[in-house]
Structures are given as structure tokens and as C-alpha cells.
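Bear in mind that the values here come from a model prediction, so they are computed numbers and not experimental data.
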Amino acid sequence: ASSGTPQGVVTFGAGGTEVTAALIDGRATAELPELATGEYQVTASFKPNDAAAVLSSQAEPQTLTVIDAPIALTQTNMTLGLGNPSPKYGEQVTGFAQLTPGATGTVSFVVNGAASAPVDVNNSKASVTLPRTPAGTHTVVATFTPSPGSRFDSASASRTMHVARASTTSVLQTKATKVKKTKKLRKLSVSATFSSPQKVAVSGRVVMTLKKGAKVVGRKTASLKSGKATAAFGRLKTGRYTVSVAYAGNANQLGAVKTK
């Protein structure tokens, strides 16, 4: 009979490959060859040097899971620019992102929580026409999503955009007609048209004031329809009058006053 530490070899197997190592002080260590990604059953069997004195044996198989090694990501630097960081309401603004050379993927632009469709990065750049935003201060955020398998990390950048109220211009027209059955009374029709150089529809109400000298002889309030408002002042005595139309504006448009 044999006494002391058994002597022999241990054969390790995984994925159809076997590696044998000598048993030293009751322990055997071996390095398996590189395995592809997947799950394997690792086996270990002992073969003694003295088969007459020591029995061979086999350990319970152990599960080995091989995963892809993590990719060392390259930090992506991204800057966000605005074609016009201080536009007036209605003016188009282009947002553009500049990324680290070689970066590929898409960039999404978000203004007031509204996101644009992802834009492909081309030559490390991406740009989009931002949606129309109301007057006020807004934050524009650009988020870069790298292509699958890319060595570049995701990134984001933000800019502040100050949107001013749109300017308003007006055209005032008047027309006087005689009141029937009298030569001394007149009827005055007033029309005012408001527009914006930023090509946005002007909406709201206007106040038309008619004066003879310093005296107010009539005041009308009218709603703008397609940028135009009309009113009529009736039974006016012959003389010189001035008419003014005042538009107070709204949250997105400046007011305007026109006198004739």
C-alpha cells in the first residue's frame, strides 16, 4: 500500500481541448487555451502514477462562461453650436455638433423636451434645423450615441438660446364715404394690416382710436384675422381726423402703433 501524498497527473478539459498537469503536493494547475465566447463544461480527471496503490478519479464538472472582453472606450469630446444663439421668434436656427475625429453614430437635439430625429454623424459633424420655440430662454441639448461596436463613448453637450419676440410692422388704410341724405356727415372705414419680418402670423386684438384734434371721438376694438383688422366709424362731421391703431403684441410678438 502507498502512504502520503498521491503522485500522478490531472487532465483538464473544456470545449474539446485537454491540458495535462502534474500533481505537486496534492495540487495540479493548468492554463486552458483561449476559448471563444460561450458556455463550457470544465472537467478534471486524475491518473495516478501507481495504479495498483491509488485509484484514479474524476471531479464534478464545473460550468465556465466566457464573455467578450470589455472594449476600452475612447472619450468623445463634443461641442454644440447654434447658428444664431439669439434669434427672434419665427427665425430658423441650426444646431450643429462637432465631435472627436473618427466618431461615428447619431446625434439627437432636444429643445424644451422636444427631440429631433437622430441625425447621422458625417465627418465628425451633425446638424439639424431646430423646431420653432416660443420667446424666452431655452436650453438646447445634443446627445451623441455611438455606432454599435464603436470604440467611442457616448457624450452630450448643451447651450442656452435666447429667443426674442418677433418684430411687427403695420399698414393703415382709411376710406371716407358720404352718409346718405346729407352732405355734412361722413362714414369712415379703417383697415389695418400687421405682419412680421420673421414671417409668422400676427394674432390678437387691436384698438383703433379716432381723434379730431385732441378730442377722442371714437374707439373700436377689433380682432386680427390673417393679420388684418377692420372697423367703421359712422356719422362724422366734415373735418380733419387722425386715426391710430395700436397692437399690444403677445408673448411671442412685439406691439406696434400706426397713426394716419
Side-chain angles (χ1 to χ4, degrees), residues 80-96 109-116 127-142 158-179 184-260:
L80 172 61
L82 301 175
N84 182 2
S86 300
K88 291 183 177 180
Y89 175 71
E91 292 180 339
Q92 287 190 336
V93 178
T94 299
F96 52 90
F109 296 82
V110 178
V111 185
N112 287 348
S116 68
S127 63
V128 72
T129 300
L130 299 176
R132 179 184 293 175
T133 54
T137 300
H138 309 279
T139 300
V140 182
V141 179
S158 63
R159 284 287 301 273
T160 298
M161 179 172 66
H162 303 282
V163 180
R165 291 196 293 172
S167 54
T168 305
T169 59
S170 60
V171 176
L172 182 60
Q173 295 180 330
T174 60
K175 182 180 181 181
T177 57
K178 292 181 180 180
V179 177
K184 295 183 179 181
L185 299 179
R186 295 290 187 271
K187 181 178 180 181
L188 181 66
S189 295
V190 179
S191 66
T193 302
F194 291 83
S195 60
S196 168
Q198 287 72 44
K199 298 181 180 180
V200 292
V202 182
S203 60
R205 299 171 71 84
V206 298
V207 176
M208 299 182 180
T209 303
L210 184 67
K211 289 184 178 181
K212 187 173 184 180
K215 182 180 179 182
V216 176
V217 295
R219 182 171 283 126
K220 302 281 187 178
T221 300
S223 298
L224 288 167
K225 295 181 179 180
S226 299
K228 186 175 182 180
T230 59
F233 297 89
R235 305 186 70 79
L236 301 174
K237 293 182 180 180
T238 302
R240 180 178 292 275
Y241 295 83
T242 59
V243 61
S244 64
V245 179
Y247 171 60
N250 56 36
N252 293 315
Q253 294 166 314
L254 294 170
V257 177
K258 188 75 173 181
T259 301
K260 185 176 182 179

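Taking OG1 of Thr133 as the reference point, atom NE2 of His138 lies at 4.0 Å (rounded to 0.5 Å). Note that the NZ atom of Lys211 and the OG atom of Ser244 stand 6.5 Å from one another [nearest 0.5 Å]. Going from atom OG1 of Thr193 over to atom CG of Leu172 covers 9.0 Å, rounded to the nearest 0.5 Å. The CG atom of Leu236 sits 6.0 Å away from the CG atom of Leu210 when rounded to the nearest 0.5 Å. Interatomic distance, CZ of Phe233 versus NZ of Lys220, reported as 6.5 Å (0.5 Å rounding). Note that the CZ atom of Phe109 and the CG atom of Leu82 stand 9.0 Å from one another [nearest 0.5 Å].
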Practice task
Just do the side-chain contact (heavy atoms from CB on, under 4.5 Å) check on Ser195 and Thr169 with the steps written out, would you?
Solution key: CA-CA 5 Å; Ser195 60; Thr169 59; 3.0 Å; yes
Handout entry: Criterion side-chain contact (heavy atoms from CB on, under 4.5 Å) on Phe194 and Val171, from CA distance to verdict
Key = CA-CA 7 Å; Phe194 291 83; Val171 176; over 6 Å; no
Handout entry: Criterion side-chain hydrogen bond (donor to acceptor under 3.5 Å, both in side chains) on Ser191 and Thr230, from CA distance to verdict
Key = CA-CA 4 Å; Ser191 66; Thr230 59; over 6 Å; no
Practice task
Just do the side-chain contact (heavy atoms from CB on, under 4.5 Å) check on Val243 and Thr259 with the steps written out, would you?
Solution key: CA-CA 6 Å; Val243 61; Thr259 301; over 6 Å; no
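Summarising the geometry of Val93 relative to Asn84, their closest heavy-atom pair is CG1-O, 3.6 Å, with the distance given to 0.1 Å. The two residues Ala166 and Tyr89 have their closest heavy-atom pair at CB-O, 3.4 Å. Closest approach of Gly95 and Leu130 over heavy atoms only: N-CG, 4.0 Å. Here the closest heavy-atom approach between residue Ala256 and residue Thr168 is recorded as CB-O, 3.8 Å. Taking both residues in full, the closest heavy atoms of Met208 and Ala229 are given as CE-O, 3.5 Å, listed atom of the first, atom of the second, then distance. Between Ser170 and Lys258, the closest heavy-atom pair is OG-CB, 3.3 Å.
In summary, the side chains of Thr137 and His162 do present a donor paired with an acceptor at a separation below 3.5 Å, with no hydrogens or angles considered. A donor-acceptor contact closer than 3.5 angstrom is absent between the side chains of Ser158 and Thr139. Residues Ser223 and Arg205 bring a donor and an acceptor atom of their side chains to less than 3.5 Å of each other.
Put simply, the side chain of Arg159 gets close to the backbone of Leu80: a donor and an acceptor are under 3.5 Å apart. With hydrogens and angles ignored, the 3.5 Å screen pairs a side-chain donor or acceptor of Asn250 with a backbone N or O of Asn252.
Partner Gln198 forms a side-chain contact (heavy atoms from CB on, under 4.5 Å) with one of Arg132, Gln253, Glu91 and no other, that one being Glu91. For the side-chain contact (heavy atoms from CB on, under 4.5 Å) test with Tyr247, the passing option among Val207, Val257, Val206, Leu254 is Val206; the others fail.
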